[in-house]
K.L.:
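Provided herewith is a single structure, encoded as structure tokens, for subsequent inquiry.
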Amino acid sequence: MVCLKATMKKRPFPEIWFEEHRFFMSTELPLSEQEAIRRQSLEQIRAAGIDPYPADLYPVNAAAKDILAQFTDESAGIWTEICLAGRLMSKRIQGKASFAVLMQDGVRIQLYVNRDEICPGENKEGYNQLFKKWLDIGDIIGVKGYVFRTMVGEITLHVQELTLLSKCLRPLPIVKTDAEGNVYDAFSDPELRHRMRYVDLIVNPEIRATFIARSRIVSAMRSFFDAKGWLEVETPILQSVHGGAAARPFKSHHQALDVPLFLRIANELYLKRLLVGGLDGVYEIGKMFRNEGMDKTHNPEFTSMEIYVAYKDYEWMMNMVEECLAYISVSVFGSTQAEYGAHRINFQGPYARIPLFDAIMQQTGVDVSGMNEQELREQCRQWNISTSPEMGKGKLIDQIFGEKVEKSLIQPTYITDYPIEMTPLAKKHRSKEGLVERFELFICGKEVANAYSELNDPIDQRQRFEEQLALANRGDADAMALDEDFLKSMEFAMPPASGLGIGIDRLVMMMTNQTSIQEVLFFPQMRPEGGK
RNA sequence: GAAUCCUUAGCUCAGUUGGCAGAGCACAACACUUUUAAUGUUGGGGUCCUGGGUUCGAACCCCAGAGGAUUCACCA
């Protein structure tokens with residue numbers, strides 16, 4: 001709201017903007033009975049002179065996780081003056097004493113609240129009103145007290161002081177688990193979980209593990225690269241020419257310049273400019289945006305790690321990737337092995353290295369390496385693989401590979417040496433005619449990484465772009481655009497180099513046993529709620 | 001983009017042949033000072049996704065639309 005006002009001062013929004021956004025600006029939302037009751041409690045709390053959203057810091061001095069791990073009956077004496085804060089997840093009132101569950105940073109700990117201990121004087125309002133009536137499940141509270149073990153043996157905080165830190169105005173879905181581990185009323189609808197990830201994280205705290213792993217995987221990758229002396233950089237997300245990959249972009253517009261801008265589909269051409277500039281090892285971890293469909297392995301925005309190292313080739317890069325993934329796997333999970341569905345994935349190198357045409361031959365018994373476009377098209381028809389007229393030789397081979405080989409590559413496998421037609425940014429193969437020095441890494445039947453010996457011959461590069469233009473004119477919407485400034489930079493001489501891109505979301509999926517990209521993104525793309 | 005299935009209380013879900021809208025949890029009231037899916041008694045809570053149609057009467061049947069799930073297609 002503040003932000004909106006500030007913007008409006010400068011430049012009023014056109015009428016149509018308000019028309020389109022009136023739903024979001026409405027302040028009059030109908031309240032359910034339970035929401036109304038919580039607002040009433042809020043007013044009563046205020047009327048009692050209690051600030052439901054206090055400003056001062058709350059002196060938390062312990063973690064529920066540590067208490068549960070370290071408390072022993074012998075050491076009970078030292079567990080006093082403990083101060084915890086978190087969300088109230090359940091309340092079981094039994095007259096003048098009660099049990100509750102506090103969730104602090106994803107860990108549940110039981111509280112014991114006794115009327116005469118939190119209200120030592122004559123006035124019992126703090127227990128009878130605030131705790132019993134006005135506090136709801138979902139409220140964030142602070143508690144001070146000592147740790148003990150209940151008669152049934154549960155480690156519990158005996159509360160001596162209770163502070164409301166933030167009132168929750170909406171009912172929280174309550175997921176219950178019984179002694180046998182059966183879950184009741186699970187908050188499991190994927191749409192609701194993804195739209196309201198904050199609620200998902202509260203009531204399904206086990207999903208934190210995947211996101212924590214994701215953070216650690218990226219962090220481990222960063223330390224691996226940093227230790228090699230390579231520099232993390234940032235390059236433009238808004239680009240006037242969307243180069244570096246074959247994909248449809250999102251289009252935007254710059255008002256002041258009155259020019260179209262694209263959200264980047266790749267950052268490759270900018271990282272190569274940095275190689276020209278003399279930065280010999282650069283990498284960037286960031287979002288790419290592709291205007292394509294969504295499914296279990298595709299989100300319109302995704303995170304990619306791109307790295308370029310001067311004076312190396314793609315064989316060196318294969319060794320580096322093996323080393324890197326094994327390092328990440330060990331430092332995050334303590335093992336080079338990972339479960340993925342029924343498979344056990346081994347990230348320890350060396351990985352199998354199979355030339356593309358050999359891989360197709362192994363799976364089909366057919367050698368397609370010598371075929372021209374017409375023969376490839378005929379072969380596709382025999383295998384019942386769909387083709388379209390604008391597909392060139394490269395794309396047809398890619399189609400065959402995707403149909404016949406990709407799914408079978410479960411263990412980390414490099415497919416190497418691709419036809420030149422489908423790879424306009426890679427260097428021609430040093431010994432194999434018509435191929436380029438490229439590899440892709442496949443794990444669990446999905447592409448996870450893509451790398452080249454980078455093309456650094458500016459004349460050759462210009463020709464390759466022109467071939468792409470020809471494809472674009474045939475109707476291939478994904479063909480690459482020609483970037484004049486990039487070509488100019490290359491004419492200043494780019495060192496020979498190898499470059500690599502890793503799909504971080506997919507790598508995280510492989511390492512955390514998730515079959516849907518939505519489960520490794522906090523906020524996957526969803527259709528607008530309530531239709532267009 | 002296609003097929004199939006789904007959308008009912010805050011959450012998870014029933015709903016008979018087309019005949020007054022249901023349960024558990026949650027919520028409210030009362031009781032209860034070591035419980036743990038706390039318990040007992042009582043009570044409140046609904047745009048049955050939206051819009052049309054058929055019918056005396058629609059959560060239910062028909063048509064259109066929206067959203068979701070799964071599979072396929074597209075897409076590195």
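Labels below follow one simple rule: chain letters A, B, ... track the order of the sequence lines, proteins then strands, and each chain is numbered from 1.
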K.L.:
For B/rA73 and B/rA64, measure between their P atoms and round to the nearest Å.
P.N.:
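It comes out at 27 Å once rounded to the nearest Å.
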K.L.:
What is the distance, to the nearest angstrom, from the CD1 atom on A/Ile400 to the C1' atom on B/rA76?
P.N.:
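Distance check: A/Ile400 CD1 to B/rA76 C1' gives 17 Å.
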K.L.:
Side-chain donor-acceptor contacts of residues 498-506 of chain A below 3.5 Å, not counting sequence neighbours, with atom names and distances?
P.N.:
| unit_1 | atom_1 | unit_2 | atom_2 | d |
| --- | --- | --- | --- | --- |
| A/Ser498 | OG | A/Asp313 | O | 3.4 |
| A/Ser498 | OG | A/Tyr452 | O | 2.8 |
| A/Asp505 | OD1 | A/Arg214 | NH1 | 2.9 |
| A/Asp505 | OD1 | A/Arg214 | NH2 | 2.9 |
| A/Asp505 | OD2 | A/Thr303 | N | 2.8 |
| A/Arg506 | NE | A/Thr297 | O | 3.3 |
| A/Arg506 | NH1 | A/Glu447 | O | 2.9 |
| A/Arg506 | NH2 | A/Thr297 | O | 3.3 |
| A/Arg506 | NH2 | A/His298 | NE2 | 3.2 |

K.L.:
Mind pulling the stems RNA chain B is in, i.e. runs of at least three Watson-Crick or G-U pairs, everything under 3.5 Å?
P.N.:
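Stem segments, range with range: B:1-7 with B:66-72, B:10-13 with B:22-25, B:27-31 with B:39-43, B:49-53 with B:61-65.
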K.L.:
Residues in side chain to side chain contact (heavy atoms under 4.5 Å, CB included) with A/Cys119, at least two apart?
P.N.:
A/Lys124, A/Tyr127
K.L.:
Is it the case that the ring center of A/Tyr112 lies less than 6.0 angstrom away from the ring center of A/Phe99?
P.N.:
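Here the rings of A/Tyr112 and A/Phe99 have centres that are less than 6.0 Å from each other.
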K.L.:
Identify, residue by residue, the members of residues 92-113 of chain A with a heavy atom below 4.0 Å from RNA chain B, and return them in order of residue number, or none.
P.N.:
A/Arg92, A/Ile93, A/Gln94, A/Gly95, A/Lys96, A/Ala97, A/Phe99, A/Gln110, A/Tyr112
K.L.:
Taking atom P of B/rA69 as reference, at what distance in whole Å does atom NZ of A/Lys296 sit?
P.N.:
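Distance, rounded to whole Å: 11 Å.
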K.L.:
Answer with base, sugar-phosphate or nothing: what part of the nucleic acid does A/Glu406 contact at a heavy-atom distance below 4.0 Å?
P.N.:
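No contact.
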K.L.:
For residues 152-162 of chain A, tabulate all N or O donor-acceptor pairs below 3.5 Å that involve a side-chain atom, not counting sequence neighbours.
P.N.:
| unit_1 | atom_1 | unit_2 | atom_2 | d |
| --- | --- | --- | --- | --- |
| A/Thr156 | OG1 | A/Gln110 | NE2 | 3.0 |
| A/Thr156 | OG1 | A/Glu154 | O | 2.8 |
| A/His158 | ND1 | A/Tyr146 | OH | 3.0 |
| A/His158 | NE2 | A/Glu117 | OE1 | 3.1 |
| A/His158 | NE2 | A/Glu117 | OE2 | 2.7 |

K.L.:
Salt bridge (Lys or Arg N to Asp or Glu O under 4.0 Å) with A/Glu315: which residues, sequence neighbours excluded?
P.N.:
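Residues passing salt bridge (Lys or Arg N to Asp or Glu O under 4.0 Å) with A/Glu315: none at all.
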K.L.:
Classify the side chain of A/Arg193 versus the base of B/rA69 as yes if they form a donor-acceptor pair under 3.5 Å and no if they do not.
P.N.:
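Result: no qualifying N/O pair found.
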K.L.:
Taking only the C1' atom of each, what is the distance from B/rU47 to B/rU7 in whole angstrom?
P.N.:
14 Å
K.L.:
With sequence neighbours left out, write down each residue that passes salt bridge (Lys or Arg N to Asp or Glu O under 4.0 Å) with A/Asp136, or none if nothing qualifies.
P.N.:
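Partners of A/Asp136 under the salt bridge (Lys or Arg N to Asp or Glu O under 4.0 Å) test: A/Lys167.
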K.L.:
Does any pair with a residue in residues 295-304 of chain A pass salt bridge (Lys or Arg N to Asp or Glu O under 4.0 Å), and if so which ones, sequence neighbours excluded?
P.N.:
A/Lys287-A/Glu301
K.L.:
Taking only the P atom of each, what is the distance from B/rG18 to B/rA58 in whole angstrom?
P.N.:
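Going atom to atom, P in each nucleotide, I get 14 Å.
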K.L.:
Once salt bridge (Lys or Arg N to Asp or Glu O under 4.0 Å) is applied, what residue pairs with a partner in residues 87-114 of chain A remain, sequence neighbours excluded?
P.N.:
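Found A/Asp105-A/Arg208.
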K.L.:
When we call it a touch if two heavy atoms are under 4.0 Å apart, what does A/Asp295 touch: a base, just sugar-phosphate, or nothing?
P.N.:
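Base contact.
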K.L.:
Is A/Lys395 close enough to B/rA76 that one of its side-chain N or O atoms is under 4.0 Å from OP1 or OP2 there?
P.N.:
yes
K.L.:
Map A/His298 and A/Met151 onto RNA chain B by nearest heavy atom, then report which one ends up closer to the 5' terminus.
P.N.:
A/Met151
K.L.:
Tell me every residue that passes salt bridge (Lys or Arg N to Asp or Glu O under 4.0 Å) with A/Glu403, counting only those two or more places apart in sequence or in another chain.
P.N.:
none
K.L.:
Sugar-phosphate atoms are those with a prime plus P, OP1 and OP2; base atoms are the rest. Using that split, label each nucleotide of nucleotides 22-27 of chain B B, S or - for protein heavy atoms under 4.0 Å, 5' to 3'.
P.N.:
--BBBS
K.L.:
Return the set of residues passing side chain to side chain contact (heavy atoms under 4.5 Å, CB included) with A/Gln518 (not counting sequence neighbours), or none when no residue passes.
P.N.:
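For A/Gln518, the residues satisfying side chain to side chain contact (heavy atoms under 4.5 Å, CB included) (neighbours in sequence not counted) are A/His194, A/Ser516, A/Pro524, A/Met526.
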K.L.:
Strictly below 4.0 Å, N to O, side chains only: are A/Arg197 and A/Asp200 in salt-bridge contact?
P.N.:
yes
